[in-house]
Amino acid sequence: MIKDTVLARRTVRRFTDEQISKEELNDLLMYASMAPSNGNAHPVEFIVVSDKEDLDYLSKIDKFGAKHIANVPQLVLFIANKSLCKYWVQEASMTAAFFQLLAEDAGWNTGYIPFNENKTDDKEDAEDYVRKHFDIPDNYGVLAMVALGKKDERVRKRKEFPIDEKIHEGKF
Ligand SMILES: Cc1cc2nc3c(=O)[nH]c(=O)nc-3n(C[C@H](O)[C@H](O)[C@H](O)COP(=O)(O)O)c2cc1C
């Protein structure tokens, strides 16, 4: 049931060396691409990264938040063709969220790290830092990286959240 997948999904930062097959990853990304999309444009594309030097490069974007990325087995960059859509952040975010749940449901674990609106430790625009290394065209927004693998750490299944104070009936 989808609720069980939502409860089970936790951010993972330490993974085993196991890599997903290209076929399985492509299948997960195909389903993630079915997230809602303005005008049915589906402008989101993916860069799959597993090369150690590339992972090292991405890990240097933030010495606290992304250090562990040097040691993940693979990750996916979520980018969106801004020439095809008006709401690239929402498009890529929804696709990434779908991907995290699909991966969890298939027995994989994930962790999300954003680039947009972010600066590197050297104060460079984080999107530009990633764009130049991976030859991403200027008309693409570079939203985030989602690390993917099998967890090598203990993570707790979520408990249900108290929600009543966040739900407003009719007006705030
Ligand atoms: C916008 C956003 C930014 C995040 N930034 C980072 C980050 O820089 N590094 C990281 O390891 N996790 C990052 N995360 C993951 C959160 O830390 C994580 O979702 C949060 O601690 C809740 O834990 P859970 O995902 O296990 O429920 C980010 C998540 C979101 C949605």
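Note that the structure is predicted; figures quoted are calculated from it, not measured. We're numbering straight along the sequence, starting at 1. When a ligand or atom number is given, it counts from 1 through the structure's own listing order. As a basis for the values below, the full set of heavy atoms in this structure was taken, side chains included, without hydrogen atoms, waters or symmetry mates.
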> Can you find a side-chain donor-acceptor pair between S83 and N139 that sits under 3.5 Å?
Replying inline: yes
> In ligand 1, which numbered atoms sit nearer than 4.0 Å to a non-hydrogen atom of I113?
Replying inline: 7 (C), 8 (O), 9 (N), 10 (C)
>> Give me the nearest non-hydrogen protein atom to atom 27 (O) of ligand 1 as residue plus atom name, then the distance to 0.1 Å.
In response: R158 NH2, 2.6 Å
> Can you tell me how far the CZ atom of R10 sits from the OG1 atom of T110, to the nearest 0.5 Å?
Replying inline: 11.5 Å
> Can you name the salt bridge (Lys or Arg N to Asp or Glu O under 4.0 Å) partners of R131, sequence neighbours left out?
Replying inline: E127, D128
>> Any side-chain to backbone donor/acceptor pair from Q19 onto P73? Under 3.5 Å, distance only.
In response: yes
>> Please report the interatomic distance CD1(I61) to CD1(I113), rounded to the nearest 0.5 Å.
In response: 8.5 Å
>> I'd like to know if P114 contacts ligand 1, where contact means a heavy-atom distance under 4.0 Å to any ligand atom.
In response: yes
> Do the side-chain N and O atoms of E91 and S37 include a donor-acceptor pair separated by under 3.5 angstrom?
Replying inline: yes
> N/O to N/O below 3.5 Å, does that happen between G65 and ligand 1?
Replying inline: yes
>> Looking at non-hydrogen atoms alone, which of F64, F115, Y112 comes nearest to atom 30 (C) of ligand 1?
In response: Y112
>> Please list the nearest protein heavy atom to atom 25 (O) of ligand 1 with its residue and the distance rounded to 0.1 Å.
In response: T11 OG1, 2.5 Å
> For K132, what residues pass the salt bridge (Lys or Arg N to Asp or Glu O under 4.0 Å) criterion, not counting sequence neighbours?
Replying inline: E124
> What atoms of ligand 1 come closer than 4.0 angstrom to any heavy atom of R9?
Replying inline: 24 (P), 25 (O), 27 (O)
> Going by the atom numbers of ligand 1, which of them fall below 4.0 Å from some non-hydrogen atom of H68?
Replying inline: 11 (O)
>> Students should be able to answer this: which protein heavy-atom is nearest to atom 17 (O) of ligand 1, and at what distance?
In response: R13 NH2, 3.1 Å
